[in-house]
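Structure first, commentary second.
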Amino acid sequence: MTVTAARRTMSPRRSAARAAAVAALSAAALLGGGLTAQAAAPAPARTADGAGAAGAAVELAPAGALATQCYYKVNASGGLLIRSGPGTGYAVVGSYANGSTILASSSTTNGFRKVGTNRWVSSAYTVRIVNLPCES
């Protein structure tokens, strides 16, 4: 993978896998489906220290939903609730398992990170994976 000062470039295979994942997420969102999708040939998931984690999927937010996105590890023993807005007063619409790798907004609102359209998680239970670069 080549890294440039402005942004990193992806290999054609990874780019195709990401495009497939984004298309699946967009279709799921339009059809009222789930929040996550896995491409046919996804990049390996990584743990908080950047090491590979066999069998784990990286869960992607819909394209264009976030400005700057970074990879985070879920650090909540009972799982991390996904809410419809940035606060505990909003409805629970899903959850991520402890140890999941997610792509979320690098900024926070009211202590919550945006993971998709009307989808938020508490930033208190996310740990930035520093070995993976953020995307914009």
Side-chain angles (χ1 to χ4, degrees):
M1 184 179 331
T2 305
V3 178
T4 63
R7 73 185 295 173
R8 68 187 176 109
T9 59
M10 287 188 230
S11 70
R13 181 177 175 194
R14 184 166 179 194
S15 181
R18 183 177 174 96
V22 168
L25 283 168
S26 297
L30 288 173
L31 299 173
L35 298 173
T36 62
Q38 185 173 354
R46 305 214 177 256
T47 58
D49 63 358
V58 174
E59 299 171 15
L60 303 173
L66 308 172
T68 300
Q69 306 169 34
C70 297
Y71 290 94
Y72 295 89
K73 178 181 175 186
V74 173
N75 187 26
S77 61
L80 180 59
L81 298 177
I82 303 168
R83 296 186 176 273
S84 61
T88 57
Y90 289 89
V92 174
V93 295
S95 66
Y96 291 119
N98 186 39
S100 296
T101 299
I102 62 173
L103 190 60
S105 172
S106 61
S107 61
T108 61
T109 301
N110 197 29
F112 282 74
R113 295 188 189 288
K114 191 170 187 176
V115 294
T117 305
N118 297 323
R119 302 294 185 255
W120 300 77
V121 296
S122 173
S123 62
Y125 300 100
T126 59
V127 178
R128 169 88 167 81
I129 302 173
V130 296
N131 293 352
L132 296 176
C134 294
E135 302 175 4
S136 49

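Scope of the values below: all heavy atoms of this structure, side chains included, with no hydrogens, waters or symmetry mates.
Between the side chain of N98 and the backbone N or O of G79 there is no donor-acceptor pair closer than 3.5 Å. Here the side chain of S136 pairs no donor or acceptor atom with the backbone of T68 at under 3.5 angstrom.
Residue-environment remark: CZ (F112) exceeds the threshold of 12 foreign heavy atoms within 6.0 Å.
To the nearest 0.5 Å, atom OG of residue S106 and atom CD of residue Q69 are 9.0 Å apart. Expressed to the nearest 0.5 Å, how far CD1 of I102 lies from CD1 of I129 amounts to 9.0 Å.
Minimum interatomic distance between C134 and R128 (heavy atoms only, all atoms of both residues): SG-NH2, 3.2 Å. In plain terms, the two heavy atoms of S122 and T126 that are nearest each other are O-CG2, 3.7 Å. In this structure, T88 and R83 approach most closely via the heavy-atom pair O-NH1, 3.1 Å.
Contact check for N110 versus W120: no side-chain heavy atoms found under the 4.5 Å cut-off. Within the 4.5 Å cutoff, the side chain of S77 has no heavy atoms near those of the Y125 side chain. Contact annotation: the side chain of R113 never approaches that of C70 to less than 4.5 Å [non-hydrogen atoms, C-beta and beyond].
Side-chain heavy atoms closer than 4.5 Å link hydrophobic residues (I, L, V, M, F, W, Y) into clusters, and following such links, possibly through other members, connects Y96 to V93. Taking hydrophobic clusters as Ile, Leu, Val, Met, Phe, Trp and Tyr residues chained together by side-chain heavy-atom distances below 4.5 Å, Y72 does not share a cluster with L81.
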Would K114 and T109 count as a side-chain contact (heavy atoms from CB on, under 4.5 Å) if you check the C-alpha gap in whole Å, the side-chain angles of each, and the deciding distance to 0.1 Å? CA-CA 8 Å; K114 191 170 187 176; T109 301; over 6 Å; no
